Visitor: 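Sharing a structure here in structure tokens format.
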Amino acid sequence: MTYTPATQDQLLAIRVNAGIDELAQSEKFAAAEPDMVEAIVAGIGEFAAGEWAPLNRVGDLEGAKLENGSVRLPNGFAEGYAGYVEQGWNAISGPVDFGGQGLPFTLSCNVLENLGTANMAFNLLPMLSVGAIESLEHHGSKELQEKYLPKLVSGEWSGTMNLTEPQAGSDVGALRTTAEPITDGEHAGKYRIKGQKIYITWGEHDLSKNIIHLVLARLPDAPEGSRGISLFIVPKYHVKQDGSLGSRNDLRCVSIEHKLGIHASPTCVMSYGDEDECIGELVGEENRGLMAMFTMMNNARINVGNQGVQIGERATQQALIYARERVQSARAGSPDKSPVSIIEHPDVRRMLLRMKALTEGARALLYYTAGQVDRGTLGDVDARARGEVLTPLIKAWGTDIGIEVASLGVQIHGGMGFVEETGAAQHWRDSRIAPIYEGTNGIQAADLVTRKLGLDGGNALSRLIADAAKDACDEPALAKLAEDCAAVADWMREGASLDDRLAGSVPFCTMFAVTVAGWQLLKQLRAVEAGEAPGLAATKPVSVRFFLDRIVPEASGLKAAAMAGAAPLYAVSSDQLAG
């Protein structure tokens, strides 16, 4: 269960795929100089390995517990979070005006990557806070920003987002939580919030001094559906004019879920306004809350894709250690019949290289996406659009990769992987949530073939494919995959019904993600061959070749499924299918 930060591969991806040196040429990100970048990547890696990684197993075994309305974490979590805040890691990309360092989103991704590889469940706490900061920075009034952002940026307070209700899962427009305007008294101008939210990550805990809930609710006479949703700040403790904490707000954690994995992350059922005195403040405009929440969700989707990289890295490291130590059977065909470490057997070597190649491919895609987001922040309209196209790719494919790699890790451990003592099973259990939350991977694929397919008149997606194809001209399999992606995109735009597009959305999303990941790995390979990251000179060519020669051709095989249409899915009735 030891963890060594993947510092060299992270720095390579940050330089080559995110293009951090180019970002540092801007005034906004001028502080992201090479020495600063290296210090951050090395520093957060050291902190994560030393402080958070040792808590991963105890967090899984003991988990979060609800006691008398309060959620308690195992010993060590409070100290681990306090160290994270004291060292300033929460403020890396936060706005400078409110105490943040104003560094690129790319470096914020690296902080989360290291923390999540060390302890995925714990890492959900700062991940949600980063999203809350983003939403308030873009949509909150000056008064709300001054009131809440400084302590959210520092990490002294944490944030959540509250969308889901028992009757409204992915269909957010079906929510019933209400917000009644207050016209007089000490809370005049604010709102009384009433309703119940489920699946609220880190909705209650005792690690931060206040919890700032971002809650979607419906105003009186609001339009039906998603057009009638507003966003509200609902703090656990009221905040006084001088910034100090007042009395507790009328909200509580009713229960926490008993989950397959991420046991140390309290997933709460939250009740607001049981005594009709839950006070919230409007964020942005009335009935425009979903837009404000999506600011939070879009970055959260990239950060969830990051979780695929995190769990893949942790599972790969553990599998490599085990495969070196586990001795069993002689190497097939060897004249020496002495048992060898299983890392010497061809199929185990195949699995290990697949784990490594997939994890590095997802990391390359992650930092390429982050770099485009940062360019969008600097005003590059094309990069902003490209970042939007890339977001469903990293969220969906990245988290699928996390599951596959964690599953291969269990397989390499053999029977010992299926029992809990080795910890290999924990990685798989933890990985399984990531394709579900922040919009299921099916929803990500649907977004790709509807909104993103036509973004900027279709140019955003088509240019991305064309750029990958052009750069892959000396790699036939990758060039062919890019060509296949272009063919599927053209078919979806020109001849496919909406049902046809949705039926082929998941295989197309996978094809597209593998194309971009392969392209970005190719860039890494060329950089290493030119002298970049000499510590990776032996391993990077092998993992990239594995990806290009084995994983890329597999993705081309999905073209038929992407273009098969919806008719075969409805060849029998629902009753026949279920009966």
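Being a predicted model, the structure only gives us computed values, none of them experimental. Only this structure's heavy atoms are used, side chains among them; waters, hydrogens and symmetry mates stay out. For the single chain, residues carry numbers from 1 onward in sequence order.
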Visitor: Is any NZ, NE, NH1 or NH2 atom of the basic residue among K197 and E165 found under 4.0 Å from an Asp or Glu carboxylate oxygen of the other?
Guide: yes

Visitor: Supply the atom-to-atom distance N306 CG to L365 CG, rounded to the nearest 0.5 angstrom.
Guide: 11.0 Å

Visitor: Out of K65, R252, R72, R248, which residue meets the salt bridge (Lys or Arg N to Asp or Glu O under 4.0 Å) rule with E204?
Guide: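 For E204, the salt bridge (Lys or Arg N to Asp or Glu O under 4.0 Å) test succeeds with only one of K65, R252, R72, R248, which is R248.
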
Visitor: If you compare all heavy atoms of G59 against all heavy atoms of F77, which two are closest, and at what distance to 0.1 Å?
Guide: CA-CZ, 3.9 Å

Visitor: So do H213 and P235 actually touch side chain to side chain, heavy atoms under 4.5 Å?
Guide: no

Visitor: Less than 4.0 Å between a side-chain N and a carboxylate O, is that true for D60 and R429?
Guide: yes

Visitor: Apply side-chain contact (heavy atoms from CB on, under 4.5 Å) to the pair I394 and V516, showing each step before the final yes or no.
Guide: CA-CA 10 Å; I394 183 57; V516 180; over 6 Å; no

Visitor: Between the side chains of S497 and D500, is a donor N or O closer than 3.5 angstrom to an acceptor N or O?
Guide: yes

Visitor: Any side-chain to backbone donor/acceptor pair from D499 onto A566? Under 3.5 Å, distance only.
Guide: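 A pair under 3.5 Å: no.
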
Visitor: Output yes when a side-chain donor or acceptor of Q145 lies under 3.5 Å from a complementary backbone atom of G140, and no otherwise.
Guide: yes

Visitor: Kindly compute the distance separating CD (E156) from OG (S129), expressed to the nearest 0.5 Å.
Guide: 12.0 Å

Visitor: Do the side chains of I211 and T160 get nearer than 4.5 Å, heavy atoms only?
Guide: yes

Visitor: Counting heavy atoms not belonging to D242, are there more than 12 under 6.0 Å from its CG?
Guide: yes

Visitor: Does W89 reach the side chain of I44, with side-chain heavy atoms less than 4.5 Å apart?
Guide: yes

Visitor: Any idea which heavy atoms bring P104 and D374 closest together, and the distance?
Guide: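 Heavy atoms only, the tightest pair is CB-OD2, 3.2 Å.
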
Visitor: Roughly how far apart are E146 CD and F98 CZ, rounded to 0.5 Å?
Guide: 6.0 Å

Visitor: Roughly how far apart are E224 CD and R218 CZ, rounded to 0.5 Å?
Guide: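 Here the interatomic distance stands at 7.5 Å.
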
Visitor: More than 12 heavy atoms of other residues, nucleotides or ligands under 6.0 Å from CD of E143: is that the case?
Guide: no

Visitor: For K259, I'd like to know if atom NZ has over 12 heavy atoms of other residues, nucleotides or ligands within 6.0 Å.
Guide: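 Yes, because the 6.0 Å sphere around NZ of K259 holds more than 12 heavy atoms from other groups.
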
Visitor: Does E46, at its CD atom, have more than 12 non-hydrogen atoms belonging to other residues, nucleotides or ligands within less than 6.0 Å?
Guide: no

Visitor: Please find the pair of heavy atoms, one from A121 and one from W202, that lie closest to each other, and give the distance.
Guide: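 Taking every non-hydrogen atom into account, O-NE1, 3.3 Å.
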
Visitor: Indicate yes or no for a side-chain donor-acceptor contact from S26 to the backbone of L23 under 3.5 Å, with no hydrogens or angles considered.
Guide: yes

Visitor: Let me confirm one number: the CG-CD1 distance from L124 to I433, rounded to the nearest 0.5 Å.
Guide: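 Rounded to the nearest 0.5 Å, the CG-CD1 separation comes out at 9.0 Å.
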
Visitor: Quick one, V234 with L251, criterion side-chain contact (heavy atoms from CB on, under 4.5 Å). Give me CA distance, side-chain angles, the key distance, then yes/no.
Guide: CA-CA 9 Å; V234 184; L251 58 89; 3.7 Å; yes

Visitor: Verify whether one side chain among S271 and D274 offers a donor that lies under 3.5 Å from an acceptor in the other.
Guide: yes

Visitor: Flag the pair I233 / L282 as yes when at least one side-chain heavy-atom distance between them is below 4.5 Å, and no otherwise.
Guide: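 In short, these two side chains do not touch, never coming nearer than 4.5 Å.
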
Visitor: Is it true that R192 and D250 make a salt bridge, defined as a side-chain N closer than 4.0 Å to a carboxylate O?
Guide: no

Visitor: Looking only at atom types and distance, does a side-chain atom of K395 sit under 3.5 Å from a main-chain N or O of I302, one as donor and one as acceptor?
Guide: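 It does not hold such a pair.
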
Visitor: Indicate yes or no: at least one non-hydrogen side-chain atom of V85 is less than 4.5 angstrom from one of N90.
Guide: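 Contact flag for V85/N90 side chains = no.
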
Visitor: If you measure from CD1 on I403 to OG on S431, what distance do you get to the nearest 0.5 Å?
Guide: 5.0 Å

Visitor: G203 and C268: which non-hydrogen atoms are nearest, and at how many Å?
Guide: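 Answer, listing the atom of G203 first, then C268: N-SG, 3.7 Å.
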
Visitor: Any side-chain heavy atom of M293 sitting closer than 4.5 Å to one from L216?
Guide: yes

Visitor: Check this for me: does any side-chain nitrogen of one of R301 and E438 sit under 4.0 Å from a carboxylate oxygen of the other?
Guide: no

Visitor: Taking it one step at a time, do N441 and T399 satisfy side chain to side chain donor-acceptor pair (under 3.5 Å)?
Guide: CA-CA 8 Å; N441 286 0; T399 57; 2.9 Å; yes

Visitor: Given 3.5 Å as the limit, does a donor-acceptor pair link the side chain of E281 with the main chain of F232, or not?
Guide: no

Visitor: Checking R463 against D456 for the salt bridge (charged side-chain N to carboxylate O under 4.0 Å, His left out) test, could you report, in this order, the C-alpha distance in whole Å, the side-chain angles of both residues, the deciding distance, and whether it holds?
Guide: CA-CA 10 Å; R463 285 196 201 106; D456 189 25; 3.3 Å; yes

Visitor: Under 30°, 30 to 60°, or over 60°: which ring-plane class applies to Y81 and Y84, parallel, tilted or perpendicular?
Guide: tilted

Visitor: Please check if the side chain of R314 supplies one atom and the backbone of A118 the other of a donor-acceptor pair under 3.5 Å.
Guide: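 Looks like yes, one N/O pair under 3.5 Å.
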
Visitor: So, for L128 and G159, which heavy atoms are closest and what is the spacing to 0.1 Å?
Guide: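 The answer is CB-O, 3.3 Å.
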
Visitor: Going through the checks in order, is the side chain to side chain donor-acceptor pair (under 3.5 Å) test met by N303 and Q307?
Guide: CA-CA 7 Å; N303 290 331; Q307 291 183 318; over 6 Å; no

Visitor: May I ask you to check whether over 12 heavy atoms, not counting those of E285, lie within 6.0 Å of atom CD?
Guide: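 Open: at most 12 neighbouring heavy atoms sit under 6.0 Å from CD of E285.
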
Visitor: A side-chain contact here means heavy atoms from C-beta on lying under 4.5 Å apart; do I229 and N287 qualify?
Guide: no

Visitor: Would you tell me whether Y3 and N56 have side-chain atoms, one donor and one acceptor, within less than 3.5 Å of each other?
Guide: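 The answer is no; no qualifying pair exists.
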
Visitor: Show your working on side-chain contact (heavy atoms from CB on, under 4.5 Å) between I40 and L103 and close with a plain yes or no.
Guide: CA-CA 11 Å; I40 288 171; L103 289 164; 3.5 Å; yes

Visitor: Any donor and acceptor pair, going by atom type alone, linking the side chain of Q10 with main-chain N or O of N110 inside 3.5 Å?
Guide: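 Between the backbone of N110 and the side chain of Q10 there is no qualifying donor-acceptor contact (under 3.5 Å).
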
Visitor: Checking the side chain of N249 only, and the main-chain atoms of H238 only, is there a donor and an acceptor separated by less than 3.5 Å?
Guide: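 Pair absent, no side-chain N/O of N249 close to backbone of H238.
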
Visitor: If you apply the rule side-chain contact (heavy atoms from CB on, under 4.5 Å), what do you find for L73 with H205, and how did you get there?
Guide: CA-CA 8 Å; L73 279 299; H205 61 90; 4.2 Å; yes

Visitor: Give the ring-plane orientation class for W52 versus F122, where under 30° counts as parallel, over 60° as perpendicular and anything between as tilted.
Guide: parallel

Visitor: So, D400 versus T510: side-chain donor-acceptor pair below 3.5 Å or not?
Guide: no

Visitor: Examine distances only and state if a side-chain atom of R451 and a backbone atom of A446 form a donor-acceptor pair shorter than 3.5 Å.
Guide: no

Visitor: Taking atom types as modelled, is there a side-chain donor on R386 or Y368 under 3.5 Å from an acceptor on the other?
Guide: yes

Visitor: Taking all non-hydrogen atoms of both residues, which atom of S135 and which atom of A292 are closest, and how far apart?
Guide: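 Shortest heavy-atom contact: OG-O, 3.0 Å.
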
Visitor: Using atom types as modelled and distance alone, determine if a side-chain donor or acceptor of R288 lies under 3.5 Å from a backbone N or O of L231.
Guide: no

Visitor: Would you please indicate if the ring centroids of Y199 and Y437 are separated by under 6.0 Å?
Guide: no

Visitor: Check whether any side-chain heavy atom of I279 lies under 4.5 Å from a side-chain heavy atom of I193, and answer yes or no.
Guide: no

